[in-house]
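Written out below as structure tokens is the structure these notes cover.
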Amino acid sequence: MTKQQLCLVLLASLGLSCVAAPTGPGAAALPSAVPVTEQASHTTNGLQASQHQNAQSYVSRYDLRAVFWGNLFYQLNCLAGQGFCSEAAFRALWEQELGWNQADAQQLAAFQVLRQQYSRQLQFAGPAEIQALPPRFEGIRTWDKVLQAAMNADSRQALAQNLALAMRPQDAEALMGVLQHFAPRFESWWLDGAEAVTRSAAEAFAAAMQQQNLTELVQQASRFYRAELSDYSLLSFNFLARPALERVNSVHGEQIENQSLVEVRENAPVQQQIPVVLHELCHYLFKRSSRADEARRLQAFLAADNTAEGMAAYHLLDEVLATAIGNGLAGQRLLSATEFEALRQRPGAFYNDDWIDPLAKALYPRVAQALQAGEAVHDEAFVKDYLRLARDSLGSRLQSPVPLLRTLGGAYHPELATAFSDLQQQLRAGVTWAASGLDVNARSIFERHDALSGVIMLRPADLPLLSDWDPILGRSAREAIQAGTGSRVYGVQRNARAYLFVLVAATPAEARTLSQRLLQQPRWFSGPMP
């Protein structure tokens with residue numbers, strides 16, 4: 001199917017216009033070694049604005065992509081340690097089918113160097129007032145912009161131009177060289193079925209948006225989140241082929257600003273994968289509420305339950321709502337009643353997480369009521385019902401350190417940085433505020449936010465540095481930590497709603513072992529880890 005044919009399919013299903021990818025005279029001068037199919041399936045669709053009763057416009061401009069270069073970049077980024085992706089499946093693809101070799105390892109290492117070089121962020125000024133928890137990140141992450149440059153490229157020419165806008169020209173050229181190294185072999189897999197998988201997913205998503213009233217669901221969710229979208233808001237969906245080369249059937253998704261990155265699996269019913277697309281979109285809508293609404297949401301939770309259990313439930317909120325709406329309400333529309341009930345009954349079927357899955361399954365009928373009634377996520381009645389359902393569905397698991405640390409404060413010695421990064425991935429931390437070192441910058445994170453729980457990672461030689469932490473740890477707890485010997489974890493209750501866990505380890509390997517033990521504890525604790 002050509003790009004224009006795909007446009008016509010989407011046009012027919014949604015009543016939309018399609019804009020062809022730009023072309024120019026320079027394209028003909030590109031080397032002939034460039035895969036001729038690389039320009040597959042980029043469609044831009046402008047959905048008509050819809051108005052709700054108080055006349056605010058929620059325009060959803062859907063940009064559906066199934067792009068060669070975006071898929072290749074995603075795989076390399078995953079293999080380079082992106083984290084929340086199907087790394088085992090992509091590694092199996094390159095090792096079993098695409099002839100992974102030493103030159104590939106060297107090129108991937110060059111990719112990782114560039115990724116590290118651009119792993120910086122520009123943070124915009126946040127609220128001046130001190131809050132119970134840190135405000136959400138507002139700013140620009142440079143590697144995210146590089147990734148989006150690749151996701152937006154439907155030709156080699158566009159890729160080179162986009163990367164040069166996001167990076168220094170010499171770095172963009174180096175990254176182009178890495179991508180071109182892998183492109184010929186990747187093309188064989190792309191043509192052999194991966195391209196069709198991504199196109200089919202884009203077509204099915206477009207059709208479902210119209211036929212199953214999913215556009216209405218998105219608009220209702222926007223109102224529920226109080227997302228501040230404008231007539232110029234663009235919602236982009238990147239469909240990424242995931243090989244079926246391992247027994248694990250789950251797929252991953254990630255939201256990078258307004259870009260949804262969604263893996264679609266070979267030989268899997270597309271109707272079961274569309275919820276992942278809407279799940280990721282919900283994360284974006286959650287973050288598009290105003291600063292005032294964000295503060296209002298936190299205050300509503302603190303007013304309803306000013307305890308560690310209440311904070312643990314709050315830290316699950318973003319992921320639980322995305323699962324309840326995307327996997328629950330959208331899945332209910334896409335599947336037959338029998339199929340959906342079987343899915344609902346299967347543990348981990350909504351979301352492969354012991355905290356998110358049961359709570360989302362308990363919550364989605366209440367979210368449906370909220371969407372129909374026009375409630376907001378911070379409304380008192382909804383907050384109280386959410387907290388009640390969290391306790392009913394999770395029971396004592398709500399007292400585990402895991403949900404309490406899903407919003408993670410941190411301070412660590414630089415030599416333990418890799419262990420702290422591993423802890424973030426084990427936790428699936430949604431938000432992390434951390435500092436390298438145990439100085440005033442690290443202490444200020446906790447001094448300014450008294451509802452923030454976290455982990456301090458240090459070596460035995462660094463224990464004297466804790467003497468400055470008495471306002472946070474308390475003198476008696478600090479002295480007990482300094483008096484201990486060997487690798488250990490010591491819990492400190494900051495107040496009724498927050499804990500700190502001080503992890504003392506001589507090496508990153510010891511720190512990883514202690515982290516695993518900490519996350520396996522059935523409940524938070526004060527004093528030495530049981």
Please check this pair: side chain of [X] against backbone of [Y], looking for a donor-acceptor N/O pair closer than 3.5 Å.
{"X": "Asn238", "Y": "Ser260", "value": "yes"}
{"X": "Asn213", "Y": "Glu216", "value": "no"}
{"X": "Glu339", "Y": "Ser336", "value": "yes"}
{"X": "Ser453", "Y": "Tyr499", "value": "yes"}
{"X": "Ser289", "Y": "Ala227", "value": "no"}
{"X": "Lys145", "Y": "Ala166", "value": "no"}
{"X": "Arg185", "Y": "Leu98", "value": "yes"}
{"X": "Glu294", "Y": "Arg136", "value": "yes"}
{"X": "Gln255", "Y": "Glu257", "value": "yes"}
{"X": "Ser200", "Y": "Val197", "value": "no"}

Side-chain contact test, heavy atoms from C-beta onward, threshold under 4.5 Å: evaluate it for [X] versus [Y] and give yes or no.
{"X": "Val383", "Y": "Glu380", "value": "no"}
{"X": "Pro135", "Y": "His449", "value": "yes"}
{"X": "Tyr225", "Y": "Lys287", "value": "no"}
{"X": "Tyr351", "Y": "Val276", "value": "no"}
{"X": "Arg288", "Y": "Leu229", "value": "yes"}
{"X": "Leu334", "Y": "Leu214", "value": "yes"}
{"X": "Leu321", "Y": "Phe224", "value": "yes"}
{"X": "Tyr62", "Y": "Leu234", "value": "no"}

Hey, does the Lys NZ or Arg CZ of Arg297 hover above the aromatic six-ring of Phe286, less than 6.0 Å from the centre and inside 45° of the axis?
->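 Geometry flag: set, cation within 6.0 Å and 45°.
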So that I can tick it off, tell me whether [Y] and [X] are bridged by a salt bridge, with the cut-off set at under 4.0 angstrom between side-chain N and carboxylate O.
{"X": "Glu375", "Y": "Arg366", "value": "yes"}
{"X": "Arg391", "Y": "Asp305", "value": "yes"}
{"X": "Arg291", "Y": "Asp293", "value": "no"}
{"X": "Arg397", "Y": "Asp354", "value": "no"}

State whether a side-chain donor-acceptor pair under 3.5 Å links [X] with [Y].
{"X": "Gln426", "Y": "Gln516", "result": "no"}
{"X": "Gln219", "Y": "Ser222", "result": "no"}
{"X": "His279", "Y": "Glu319", "result": "yes"}
{"X": "Ser86", "Y": "Arg242", "result": "yes"}
{"X": "Gln82", "Y": "Glu87", "result": "no"}
{"X": "Asn152", "Y": "Arg65", "result": "yes"}
{"X": "Arg333", "Y": "Gln212", "result": "no"}

CA sep, side-chain torsions, deciding dist, call: Trp69, Asn162, side chain to side chain contact (heavy atoms under 4.5 Å, CB included) = CA-CA 12 Å; Trp69 290 109; Asn162 290 356; over 6 Å; no
Could you state the interatomic distance from [atom1] ([X]) to [atom2] ([Y]), rounded to the nearest 0.5 Å?
{"X": "Gln332", "Y": "Asn327", "atom1": "CD", "atom2": "CG", "value": "12.5 Å"}
{"X": "Asp63", "Y": "Asn258", "atom1": "CG", "atom2": "CG", "value": "9.0 Å"}
{"X": "Arg388", "Y": "Asp385", "atom1": "CZ", "atom2": "CG", "value": "4.5 Å"}

Which of parallel (below 30°), tilted (30 to 60°) and perpendicular (above 60°) describes Phe186 and Trp94?
->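 Because their plane-to-plane angle is under 30°, the rings of Phe186 and Trp94 count as parallel.
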Parallel, tilted or perpendicular: ring planes of Phe350 versus Phe340, cut at 30 and 60 degrees = tilted
Begin with the C-alpha distance, continue with both residues' side-chain angles, and end with the deciding distance and a verdict on side chain to side chain contact (heavy atoms under 4.5 Å, CB included) for Leu240 and Met151.
-> CA-CA 10 Å; Leu240 306 161; Met151 292 295 159; 4.2 Å; yes
Side chain to side chain contact (heavy atoms under 4.5 Å, CB included) assessment of Ile325 paired with Gln220 | CA-CA 10 Å; Ile325 297 172; Gln220 290 177 336; over 6 Å; no
Tell me, with the steps shown, if Asp353 and Arg406 meet salt bridge (charged side-chain N to carboxylate O under 4.0 Å, His left out).
-> CA-CA 12 Å; Asp353 182 280; Arg406 287 281 167 89; 2.8 Å; yes
Using the side chain to side chain contact (heavy atoms under 4.5 Å, CB included) rule, take Tyr386 and Val320 through it: C-alpha gap first, then chi angles, then the decisive distance, then the call.
-> CA-CA 10 Å; Tyr386 173 86; Val320 167; 4.0 Å; yes
For Phe111, which of Tyr118, Phe182, Trp143 qualifies under ring pair (Phe, Tyr, Trp, His ring centres under 6.0 Å)?
->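 Considering Tyr118, Phe182, Trp143, a ring pair (Phe, Tyr, Trp, His ring centres under 6.0 Å) with Phe111 is found only for Trp143.
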May I have the step-by-step check of side-chain hydrogen bond (donor to acceptor under 3.5 Å, both in side chains) for Glu263 and Tyr74, ending in yes or no?
-> CA-CA 10 Å; Glu263 296 178 3; Tyr74 180 83; 2.6 Å; yes
